[in-house]
Amino acid sequence: MTTDTFKALVLEQEDGKTVADIHQLNLSDLPDEDVLVKVDYSSLNYKDGMAVTGTGKIVLNWPMVPGIDMAGTVVESASDSYTAGDKVVLTGWSVGEKYWGGYSQMQRVKSDWLVPLPDGISAQQAMAIGTAGLTAMLCVMAIEDGDITKDSGKVVVTGAAGGVGSVAVALLAKAGYEVTAVSGRESTHDYLRALGASEILSREEMSERSRPLEKSRWVGAVDTVGGEMLARILAEMDYSGVVAACGLAGSYKLPTTVMPFILRNVRLQGVDSVMCPFERRTQAWQRLASDLPKDMLDNIGQLVSLEQVEEKAQAIMQGQIQGRVVVDLNA
Ligand code: NDP
């Protein structure tokens, strides 16, 4: 790479289909935003899988450089908030969907979208966290905000071996909570136990249609799946339990009743990382840097090149990825 010519994964539409190719770009091809970043690492999230494989309507502008996450170094800045050499992280704000994203060795972005890389973590570790990890942290903060402590009882994490789920299991276990993981893959059990899960339940069992109220067993929940599983978890919550709902890996529907809310005072907190305000976002990144065991980050993340992104995007859509995929832009 020279600073003026560099590679990027570009998505285009051909006959209504999404085509992904690696292109050589120039700085003049990049959007006109106030900060130029040399991207060191990006990551692969479920949304990136959707964009690269052309599933759903994730991409809003064509051509698109996908990649909803990036970590790198500021090269030029017209903003007072950043100067050349600053290490930065970007997640969300519709980057990789509406605006060009992290699957490019260089990118121009809005300074308002950036967060300084917290002390104590590398750009690679930040991308092992990425949008998925930030979302997991925001879910844990939602549970804490509801005064659910490690002594309150058991917490449950669904889609546990996925990106959000893995980080949520690790964070909750490290904080001393007794964590039950729900996973559809037996092959992930050792991995989930290594992250700190004390019990593992099958996806099948937790997807069975529940009665309006079931025997209560959870004080807190991080749900990445939605659908029948979220409905079952709501029906199984203890009095005043908190459910942080952030995903739809199973379904966007929620076939529940009002019973958990009106008879058990259950609290359902939605979690969005995309438009999360700067202060809470920065606080969450700082918590991730201080609370998440660094060796777990190495366990959670697998490193791939830009050339491997397409293949991994297919895999994430088929639910075959364990943990997080980190994209090394210089590999
Ligand atoms: P991953 O694909 O890494 O993980 C999803 C996990 O869900 C899978 O690994 C699998 O876990 C489980 N799963 C997959 N399909 C099904 C199914 N049909 N029924 C039940 N479980 C299933 O994705 P991410 O962790 O990156 O994202 C998880 C969800 O969170 C997605 O829906 C994503 O869109 C959403 N999300 C939301 C954000 C927000 O800001 N609200 C931000 C980031 C993600 P296992 O094999 O263990 O069962």
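Order of appearance sets the numbers: ligands from 1, and atoms from 1 within every ligand.
- Within the structure, the closest approach of Gly250 to ligand 1 falls below 4.0 Å when heavy atoms are considered.
- Judged by distance alone, the side chains of Ser305 and Gln308 do bring a donor and an acceptor atom under 3.5 Å apart.
- The nearest pair of heavy atoms linking Val243 to Leu230 is CG1-CD1, 3.7 Å.
- Under the 4.0 angstrom criterion for non-hydrogen atoms, Lys47 is not in contact with ligand 1.
- If you look at Ser183 next to ligand 1, the close heavy atoms, those under 4.0 Å, come from the backbone and the side chain alike.
- The heavy-atom pair separating Gly49 from Leu44 by the smallest distance is N-CD1, 4.2 Å.
- One side chain, Thr18 or Gln13, offers a donor N or O that lies under 3.5 Å from an acceptor on the other.
- Where the criterion is an N or O separation shorter than 3.5 Å, residue side chain and backbone included, Asn45 fails it with respect to ligand 1.
- For ligand 1, the atoms sitting less than 4.0 Å from at least one non-hydrogen atom of Thr131 are 42 (C), 43 (C), numbered in the order shown with element in parentheses.
- Residue-ligand proximity, Ser273 to ligand 1, at heavy-atom distances under 4.0 Å covers atoms 39 (C), 40 (O), 42 (C).
- In terms of polar-atom proximity, defined here as any N/O pair under 3.5 Å, Val271 does make such a contact with ligand 1.
- Glu14 and Lys17 are not joined by a salt bridge, as no carboxylate oxygen comes within less than 4.0 angstrom of a charged side-chain nitrogen.
- Atom numbering of ligand 1 starts at 1 in the shown order; those under 4.0 Å from a heavy atom of Leu248 are 32 (O), 34 (O).
- A side-chain donor-acceptor contact under 3.5 Å links Ser183 and Thr188.
- Close N/O approach between Cys246 and ligand 1 is found [any backbone or side-chain N/O within under 3.5 Å].
- Atom 46 (O) of ligand 1 has Arg185 NE, 2.7 Å as its closest protein atom, hydrogens excluded (heavy atom only).
- Taking both residues in full, the closest heavy atoms of Ala123 and Leu117 are given as N-CD2, 4.0 Å, listed atom of the first, atom of the second, then distance.
- Heavy-atom proximity to Ala160, at under 4.0 Å, picks out these atoms of ligand 1: 47 (O).
- Residues Ser166 and Arg324 bring no donor and acceptor atom of their side chains to less than 3.5 Å of each other.
- Contact annotation: Thr188 has no heavy atom less than 4.0 Å from any atom of ligand 1.
- Here the closest non-hydrogen pair linking Gly323 and Tyr191 is CA-OH, 3.2 Å.
- Contacts with ligand 1 closer than 4.0 Å are made by heavy atoms of both the backbone and the side chain of Val164.
- Checked for salt-bridge contact, Glu307 and Lys7 meet the test: a charged N lies under 4.0 Å from a carboxylate O.
- Nearest non-hydrogen protein atom to atom 5 (C) of ligand 1 is Ala249 CB, 4.0 Å.
- Among all protein heavy atoms, the one lying closest to atom 29 (C) of ligand 1 is Thr224 O, 3.6 Å.
- Across every non-hydrogen atom of Ser240 and Asn265, the tightest pair is OG-ND2, 2.9 Å.
- Nearest non-hydrogen protein atom to atom 3 (O) of ligand 1 is Gly163 N, 2.9 Å.
- Of all the atoms in ligand 1, the ones that sit under 4.0 Å from a non-hydrogen atom of Thr135 are 38 (C), 39 (C), 40 (O), 42 (C), 43 (C).
- Listed by number with element, the atoms of ligand 1 under 4.0 Å from a non-hydrogen atom of Gly184 are 45 (P), 46 (O), 47 (O), 48 (O).
- At a threshold of 4.0 Å, the pair Arg217-Glu199 does not count as salt-bridged, since none of the basic side-chain nitrogens sits closer than that to a carboxylate oxygen.
- The closest non-hydrogen atom to atom 21 (N) of ligand 1, taken over Arg203, Glu186, Met229, comes from Arg203.
- Taking every non-hydrogen atom of Ala161 and a distance limit under 4.0 Å, the qualifying atoms of ligand 1 come out as 47 (O).
- Of all protein heavy atoms, the one lying nearest to atom 4 (O) of ligand 1 is Gly162 CA, 3.2 Å.
- Within the set Ser187, Gly159, Cys139, the minimum heavy-atom distance to atom 6 (C) of ligand 1 is found for Gly159.
- Cluster partners of Tyr252, by chain and number: Leu248. The rule joins Ile, Leu, Val, Met, Phe, Trp and Tyr whenever side-chain heavy atoms lie under 4.5 Å apart.
- Of all heavy-atom pairs between Tyr99 and Met64, the closest is O-SD, 3.5 Å.
- Every N/O-N/O distance between Gly247 and ligand 1 stays at or above 3.5 Å.
- Nearest protein heavy-atom neighbour of atom 23 (O) of ligand 1: Tyr46 CB, 3.7 Å.
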